[in-house]
Every structure is written in structure tokens, then in C-alpha cells.
Amino acid sequence: MSKKQVIVNEDIDTPEGIAIDWIHDHLYWTDTGLNIIQVSNLEGGKKATIIDNDLDEPRGIALDPIHGYFYMTDWGKNPKIERIGMDGSDRNIITKDVGWPNAITIDYIDSRIFWIDAKLHTIMSADLDGSQTRTVLHNTQQINHSFSMTVFEDNIFWTDRSGGDIRTANKHTGKHFKRKVIGLNSPTGIKVYHESIQRSGHNVCNDTEVGCEYLCLPKPRVKSDDPIIPSYTCVCPDNKKISHNGHTCIPKVSDMNTDYPPTVMRTMTTPERTVTGDINIVTTQSSAESQPTSMKTLRSDEKLTIKSTCENTYECSGKLLCIDGICQCYEQFVWNRTNCVKKKEMSKVCTDSVECQDNLDCINSRCSCKRSTYWNGISCARKFPSECEDISSDKDGVYLVYPKGKMTYRKILVYCITSGNKKWTVIQKRTDESVDFYRTWSEYSNGFGRVDRDHWLGNENIYRLSQDGTHELSIVLVDWEGNLMEANYSQFSVNSEEDNYSLSVSGYSGNAGDGMDYHNSKSFYTKDRDNRNGCAVNRHGG
């Protein structure tokens, strides 16, 4: 606490509930004095009010950044619990059947919300949409002047101000009540911090096309086929408002006639999983680069549209046309963030690079981007490291990589090792029993542990990495006496979740024996999805 610092000290009165968005790096809080809900970056330098109406005494707040929602309790004259989009949109009342709902928390493992009512002396739970409500505990002695609560594993914990203690009970049954910590002076907030309840997710505000001037907030993750609907909202400080382009902030002056260009939005079709987080057991390394991305491939990967509705072309500016009620570039043009420019020729038949434009090279008799770049719809853009093989540094350590080398693709935190003239991406490290590998399908899919320590990188991440080019696999084993053995494979990949992350591995060499041959072409199994003679259960692993 000697290094504590004030990050917000203006325009606040009585901040009673606080929560961290660990994916988008934002701080949310309720202010029961001003009857508002505000958000800021973690440094506090950028702050905005996202809810300032229909609030009486807002107190508890819990964030679900994976789905883009937060939950808020209001214990005023008309008490209620609401679910609200993290950008302030899509407000829905979960329940009004409450008295003093002082606290709310999320069970991220079972996907349920829990709240505690100091007036009704009750702890309740429900699904994330408010359905399937049930009473966990109702007891006037055990639940007195409760203020804050949290959940971890099979237990709920809450503070009681009048009793001066922290209390706990089973989250399913309400049994096994216990006063966990006693002798406190009016305890209020309580939080549990653990990697298992801060699951990783895609930060939509890191996508290159966002470009918010002030703050970028995620929208609720609602499935939609409409390419016009963005996955984020740009917000401004309270003394400004968002401009017509949806990105920049302008003064709150009425009847402004400033002409702002329309906004580019992209809806990506990539999955929304990431993982954040000394014997290296399993590693992969690229032995061939992926093929350059053509304009046709890019257009199928992402839908480029202009966010400006219209009824006729006169309402669109520049070279935009009103097509299907949206201002868009005409077919032979492409949006370059400020205007419609003519598409450059791509994949032209060639015999030499001099016949190709700009940074295009003649590859396989076609004008294509150089292998260190990719086609972004306008020009050849520089690729980011797609795996450890692309990292320029020869120093072992933690690095960020971008599958397919595109900034717009979900990045992955990995541990890289240099051995000889090869750089390896570690996908598993296991040295002792400090990390439990007897996990569920979801945990193996998302990954667990820390990438600089014992961990599993995650089936989804391994699938994405192994699909980009061809890869080798190296398994290094060391026994308690320090004897080292290796099993190397010249070909390695993992299929998608739709194929149960089935394995493709061949080309064995080494002195450890070909233990992977039996597993070739087989699906992945975990204790909760074990259809193969109980293998995962019997072996206590994945």
C-alpha cells in the first residue's frame, strides 16, 4: 500500500461498487451519491459516464467481459437488479423481487449470478439472463447487514458490517455456514482474484480498425449476421459527445453542421478465444510459410462496410453510393479510411516482378504480396509474428504472436525457445504437480497455467497456430535422474473443435519411442467428454 496512487478524484461522490474489466483494461464503478455508473481506463486519465438515468441507489456491480455485460444492483425506492451492456446499451431488469440488493457477483465457472439481499436476509442465484432463479440461503441470523459478496469454487463469501466478519457457505445448498474471518470493523468490499475466474477473451478494442479517439467499450456479444453492427462503441468524456463518424469527440454544441466522413467497421469471423497467461514437453515450429492472402480470400474473411444508413445516394458523401440502405463504395472501389479508392490489381498473371504494382512480387506466376506481408484490401501490409519462428530476438522468453500475421487476428501470448537454428513455440510445459492437468473440455480448449511456467497453451490456440503453414513437433522428456529423451515428428497439426481437436502427427525420429503413433487421427478427450473407454478419467489428464 506504500505505492498506492489516486487515479480518479473528480466528479465522484460515493463510489460503493467497483469492478475490473481484465480483458479491455477498464475500471467500472457505481456512485450512489450521484446516481450514475462510470468507467475509466486503468490509469484514470480517461473517464466517462455510461448510465445516468433511472438509478436511485446503485451499489453492487459485477462484470462479464466475455459476453460484454455487467450486472448492477439498485437498493433505492424501486429496488432492482439490471443486466446492462458494457457500453451502457441493452439495459434489462433481471428482477424487481428484491429489498436491499447490496451485492452481486458472477460464478464464471457455472455461468450464474449470485446476489445478496440484506432486507430479505436471502442469497439468490440465477442464470446470466436472469432465468432459473433459486434460493441458496435464507436465514436472518446468518445474513444480517450484508454488504458485498464473491464466489470461488463451491463457496460463496460475503461481508457482514454489523457482525464485523466475513462469512461463507456452499454456493449450491447454502449449507456449511461459517464465520470465516472475525473481529473486523464494518467490512464492506470483498473480491477473489484467481486466473480460473478471469477467463481470457478477445479484446475487440485492440483491432486495428477501431480507432476510438477517447474510450472504446465492448458491446454485448450478441450473435448477428448483420455486418453493419460493430462489436464496440466509442464513448467521450462527459463534456463532449460522439460525432457523426462514431469515433471522434466534439463539444456538446447544438445544431452543429460539421460534415464528418462515414465510419469503417469490420465484423471478423474469427473465434473469440485467447489465453493470457524447466522442461519443455511439447513445442511446435514452422518449417514453411503460409501462402500470400489474395484479395478474394480477404473479402471472404471479413466484411467491409460503411456505417452510415441512407435512402438515396445524395445522402452519401464522396464516391459512396447508397446500396441496400447503406453508404458504400462502388464495386470497383475500396474504403481506405477516408475515401473510396480504386482497387489495385491483385493476382495478375506475370512472368517477372517488374510486371506487378507497388510491393507485389511475381510468385507462382501471379502478382502477390511478398511473403513477409499480406493483402489488406488496399496494399500489402507488414505481417506481425505469427509464431516464435517469426520473432527476431534469439532470447528465450514470453512473446505475443498473431496467427496469420495479421493484427486483426486474435493475438496469443506464448513462450519461445531458440535451439540451434530453430525457434520453437511451447504448447505444453509440465515439471511438477503445481498445475492440475486433470481439467475439463473448456479448460483444455482455452488453456491454463502461465506460459512462463507449467501450462497448456490451449487446444484452440494450438489449432490456430498449427493451421498456418506446416509444423514440426518436439517432445522432450527428462526423468528424475536427469536422463533426457526426445521424440521428434516432421509433421504436426491439430484440427478444429468441430473435429474434436483431432491430432495429425507423423515422421517420428528420436530415442524416446514413437508414443504418438497410437494417438494419430484420434480425437481429444477430457474427464467431462470421455467417450473412449474412460481414457481421460483413468489417466487423470487430457
Side-chain angles (χ1 to χ4, degrees), residues 7-76 78 80-94 101 103-106 113 128-130 201 203-206 210-222 229-252 263 265 307:
I7 60 173
V8 177
N9 59 4
E10 295 180 349
D11 303 321
I12 57 174
D13 188 294
T14 313
E16 293 197 342
I18 190 169
I20 289 284
D21 173 4
W22 63 89
I23 293 178
H24 307 90
D25 292 333
H26 291 141
L27 180 73
Y28 287 72
W29 67 91
T30 61
D31 194 319
T32 193
L34 300 177
N35 291 331
I36 59 176
I37 298 176
Q38 293 184 296
V39 61
S40 75
N41 58 356
L42 295 185
E43 295 75 26
K46 296 180 179 180
K47 178 168 66 74
T49 300
I50 56 173
I51 302 291
D52 60 0
N53 63 305
D54 297 327
L55 296 177
D56 193 5
E57 299 289 349
R59 174 168 285 172
I61 186 171
L63 298 183
D64 180 14
I66 300 295
H67 300 102
Y69 286 101
F70 71 85
Y71 298 80
M72 179 273 306
T73 67
D74 189 325
W75 60 275
N78 300 300
K80 61 181 181 295
I81 296 176
E82 287 191 59
R83 184 179 77 164
I84 307 171
M86 291 178 67
D87 61 344
S89 65
D90 195 18
R91 292 180 67 175
N92 288 285
I93 295 178
I94 293 290
I104 190 165
T105 189
I106 298 177
I113 54 174
L128 295 180
D129 60 359
N203 185 348
V204 297
C205 294
N206 273 352
V210 173
C212 292
E213 177 186 341
Y214 194 67
L215 277 178
C216 168
L217 302 180
K219 295 180 72 69
R221 301 289 175 85
V222 179
I229 300 178
S231 56
Y232 63 91
T233 297
C234 297
V235 297
C236 298
D238 293 348
N239 63 341
K240 293 186 178 182
K241 66 178 182 179
I242 202 73
S243 66
H244 297 300
N245 66 14
H247 284 65
T248 56
C249 299
I250 58 177
K252 288 184 176 179
T263 305
M265 300 292 176
K307 185 193 175 188

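Atom SG in Cys216 sits 6.5 Å away from atom NE2 in His26 (nearest 0.5 Å). The CD1 atom of Ile104 sits 10.5 Å away from atom CD of Glu82, with the distance rounded to the nearest 0.5 Å. Note that CD1 of Ile113 and OH of Tyr69 are 12.5 Å apart. Values are rounded to the nearest 0.5 Å. Atoms CD1 and CZ, from Ile51 and Phe70 in turn, are 5.0 Å apart once rounded to the nearest 0.5 Å. One finds the CG atom of Asp74 at 6.0 Å from the CG atom of Leu55 (value rounded to the nearest 0.5 Å). Atom CD1 of Ile93 sits about 8.5 Å away from atom CE of Met72, to the nearest 0.5 Å.
Smallest separation of non-hydrogen atoms from Ala62 and Thr105: CB-CA, 4.0 Å. Nearest heavy-atom pair, Thr248 versus Ile242, reported as atom, atom and distance to 0.1 Å: O-CD1, 3.5 Å. For the pair Cys249 and Pro237, the tightest heavy-atom approach, listed with the atom from each and the gap, is SG-CD, 4.1 Å. Contact record, Thr30 with Gly60: CG2-O, 4.2 Å, taken as the closest heavy-atom pair. Pro220 and Ser89 make their closest contact through CD-OG, 3.6 Å (heavy atoms, listed as atom of the first residue, atom of the second, distance). Among all heavy-atom pairs drawn from Ser40 and Gly44, the shortest one is OG-CA, 4.0 Å.
Residue pairs satisfying the salt bridge (charged side-chain N to carboxylate O under 4.0 Å, His left out) criterion with at least one member in residues 25-34, sequence neighbours excluded, are absent. Among pairs with a residue in residues 48-71, those fulfilling salt bridge (charged side-chain N to carboxylate O under 4.0 Å, His left out) read Glu16-Arg59, at least two apart in sequence or across chains.
Under the rule for a salt bridge (Lys or Arg N to Asp or Glu O under 4.0 Å), the partners of Asp87 that lie at least two apart in sequence or sit in another chain are Lys219. For Trp22, the ring-ring contact (aromatic ring centres under 6.0 Å, His included) partners are Tyr108, not counting sequence neighbours. Every side-chain hydrogen bond (donor to acceptor under 3.5 Å, both in side chains) that Asp21 has, sequence neighbours left out, goes to His24. For Tyr71, there are no ring-ring contact (aromatic ring centres under 6.0 Å, His included) partners at least two apart in sequence or on another chain. Residues passing the salt bridge (Lys or Arg N to Asp or Glu O under 4.0 Å) test with Arg83, sequence neighbours excluded: none. Considering only residues two or more places apart in sequence or on other chains, Asp129 meets the side-chain hydrogen bond (donor to acceptor under 3.5 Å, both in side chains) condition with Ser131. The salt bridge (Lys or Arg N to Asp or Glu O under 4.0 Å) check on Asp11 picks up Lys47, with sequence neighbours excluded. Not counting sequence neighbours, Glu213 has no partner by the side-chain hydrogen bond (donor to acceptor under 3.5 Å, both in side chains) test. With sequence neighbours excluded, no residue forms a side-chain hydrogen bond (donor to acceptor under 3.5 Å, both in side chains) with Asp13. Partners of Tyr214 according to the ring-ring contact (aromatic ring centres under 6.0 Å, His included) rule, which considers only residues two or more places apart in sequence or in another chain, do not exist here.
Formation of a donor-acceptor pair under 3.5 Å by the Ser243 side chain with backbone atoms of Ile250 is not found in this model.
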* To do: Determine, stepwise, if the pair Ile20 / Leu63 fulfils side chain to side chain contact (heavy atoms under 4.5 Å, CB included).
  => CA-CA 7 Å; Ile20 289 284; Leu63 298 183; 5.6 Å; no
* Asked: How far apart are the C-alpha atoms of Cys234 and Cys212, what are their side-chain angles, what is the distance that settles it, and do they pass the disulfide bond (SG atoms under 2.5 Å apart) test?
  -> CA-CA 5 Å; Cys234 297; Cys212 292; 1.9 Å; yes
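Aromatic ring pairs are classed by plane angle as parallel below 30°, tilted from 30° to 60° and perpendicular above 60°; the pair Tyr232 and His247 is perpendicular.
Two residues are said to be in side-chain contact when any heavy atoms from C-beta on lie closer than 4.5 Å; Val8 and Gln38 fail this criterion. When side chains are defined from C-beta on, Leu27 counts as touching Ile7, because their heavy atoms get closer than 4.5 Å.
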